[in-house]
There are 2 protein chains.
Amino acid sequence: MRNEEVFSVRGDAELTARAGHLFESARTEFLCAARDLKTWSQPEARAAVRNRMRAADHADFTPQKLLSPVALADEEARAHLWLVRSKGALVRISRSPLPYETILIDRRVMILAGQETPTGREYTVTTSQILVDGVHSLFRAIWDTAVDLETYLRSDVPHLDADVRMILKALGSGLTDESAARRLGVSLRTYRRRVAELMAELDADSRFQAGLRAGELGLPH
Amino acid sequence: MRNEEVFSVRGDAELTARAGHLFESARTEFLCAARDLKTWSQPEARAAVRNRMRAADHADFTPQKLLSPVALADEEARAHLWLVRSKGALVRISRSPLPYETILIDRRVMILAGQETPTGREYTVTTSQILVDGVHSLFRAIWDTAVDLETYLRSDVPHLDADVRMILKALGSGLTDESAARRLGVSLRTYRRRVAELMAELDADSRFQAGLRAGELGLPH
DNA sequence: GCCAGTCTGGCAGCAAGCTGCCAGGAGCTC
DNA sequence: GAGCTCCTGGCAGCTTGCTGCCAGACTGGC
């Protein structure tokens, strides 16, 4: 393998210096997987992608951002994501943590970020076609099972809420309302009220649809 | 980056020669993502893993195989998977194609397979920690959303069946049985019969549960 | 205290879903 | 054609789910 196909840099400055042009060179595809929005914060890279966005007609250049749910933790982050989205990027949320950030450009270049260290984050840049293709297919696999930002937010219900989880669990276990209500120690009326609320939150017209949504979002987890 | 951290080989013989010892060296983790069972067919590698399995106490060494649904196409493949599973490996099925095969050993070594060529398949082997960690986290993400072999087979229904898809779609769209039956041009009785059959196939007691299963399995796709 | 707001559970009635039964019809073999 | 199987759809009766309405209970503020 030719040595120049893989190299590492340490710190954002060095990354910008040695790989900044790669961001500019994006032509058809810009895939980004990250835990949150902090990693790719180098202004230069952002600017490069922004320029690219401006220049391109969006039909053939749509960045795709794949994030874990923690990226939605604060309002600022959400606002930024909506902005990104409004500019034509696709944003999806994966259930998994994605601790190591990844960027794929035009199925040609891959940039992987390592852990933060005192001397700066280390990045590995590669153009090895096998490595890029392999990671590309993994990215696609996660992308396919991730849910769209809008869908995610629309049903980003308080599922931390223990009550709702109980209802979901009861529904998912296939009990009748009567047994479920008894098991949860509430009246039939209240149980059904809860179910109706849950269905409203999931924007579902039927229980089947509610189950479907819940399953798609992986809610019982 | 030190050059020896990444190298490529062409053909199974060369892979075995230069990386065979890595298979033997697996101590705690052996992750494998593949489209089907044909790729990692080199007897030497298989034997190495088998040896490893025999030697280890299974509590701290469980290979994890992640496959796409096409791996279940024929009976022979299914039988093999059951065998693998009975020996302690975990097998999961991902909805995505996974065209490029990946092996991760002890979070230390990664082997990616490229496309088949006339002179043999090309493999890239790397021990770069950043690359390995990055791919490892992507693998984990897919693994988390993939379904267990048993679960998959239990409900590996003929969803290729256009009829069933229609029913699912109708249910998923939140129509009442009456509208759905009208839309599908069947009687209410028949529609409900179909729904009941579907529920039986999904092993569901309630429509919610059926929806949940369907959602988990990504059936509307 | 009194008032407002929120949550609960019973009741009642309707809508939706489920299923056993049976009558037809299509396609098949003999 | 007779006999058979498989599928369909109507009917009927039952269960389950859904929801509006109202009464009671609790909380917090004034």
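Order of the sequence lines fixes the chain letters, A, B, ..., with proteins taken first and strands second; residue numbering starts at 1 for each chain. Because only heavy atoms are used, hydrogens play no part in the values below, and waters and symmetry mates are left out as well, while side chains stay in.
- The side chain to side chain contact (heavy atoms under 4.5 Å, CB included) check on A:R92 picks up A:L66, A:W143, A:A146, with sequence neighbours excluded.
- We find that CZ of B:F208 is positioned 18 Å from P of D:dT16, with the value rounded to whole Å.
- Checked for salt-bridge contact, B:E29 and B:R140 meet the test: a charged N lies under 4.0 Å from a carboxylate O.
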What protein N or O atoms touch nucleotides 8-11 of chain D N or O atoms at under 3.5 angstrom, if any, and at what distances?
| from | atom 1 | to | atom 2 | distance (Å) |
| --- | --- | --- | --- | --- |
| D:dT8 | OP1 | B:R194 | NH2 | 3.1 |
| D:dT8 | OP2 | B:R194 | NH2 | 2.2 |
| D:dG9 | OP2 | B:S187 | N | 3.3 |
| D:dG9 | OP2 | B:T190 | OG1 | 2.6 |
| D:dG9 | N7 | B:R193 | NH1 | 3.2 |
| D:dG9 | N7 | B:R193 | NH2 | 3.4 |
| D:dG9 | O6 | B:R193 | NH2 | 2.6 |
| D:dG10 | O6 | B:R189 | NE | 3.2 |

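- Within a heavy-atom distance below 4.0 Å of DNA chain C, no residue of residues 169-179 of chain A is found.
- A search for side-chain hydrogen bond (donor to acceptor under 3.5 Å, both in side chains) contacts involving A:Q209 returns nothing, not counting sequence neighbours.
- Every residue two or more places apart in sequence or in another chain that forms a side chain to side chain contact (heavy atoms under 4.5 Å, CB included) with A:P69 is listed here: A:I93, A:Y152.
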Could you list the donor-acceptor pairs under 3.5 angstrom formed by side chains in residues 187-196 of chain A, with sequence neighbours left out?
| from | atom 1 | to | atom 2 | distance (Å) |
| --- | --- | --- | --- | --- |
| A:S187 | OG | A:R189 | N | 3.4 |
| A:S187 | OG | A:T190 | N | 3.1 |
| A:S187 | OG | A:T190 | OG1 | 3.1 |
| A:R192 | NE | A:D177 | OD2 | 2.9 |

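- When rounded to the nearest whole Å, the span between CE of A:M199 and C1' of D:dT19 equals 12 Å.
- For B:S179, the side-chain hydrogen bond (donor to acceptor under 3.5 Å, both in side chains) criterion is met by B:T176, not counting sequence neighbours.
- Residues forming a salt bridge (charged side-chain N to carboxylate O under 4.0 Å, His left out) with B:R10 (at least two apart in sequence, or on another chain): B:E122.
- Rounded to whole angstrom, the span from the CZ atom of B:R207 across to the C1' atom of D:dT16 amounts to 11 Å.
- Taking A:D106 as the reference, A:R108 meet the salt bridge (charged side-chain N to carboxylate O under 4.0 Å, His left out) condition, with sequence neighbours excluded.
- Atoms CD1 (B:I167) and C1' (C:dG17) sit 15 Å apart, rounded to a whole Å.
- A:R192 has a side-chain polar atom (N or O) that falls below the 4.0 Å cut-off from OP1 or OP2 of D:dG17.
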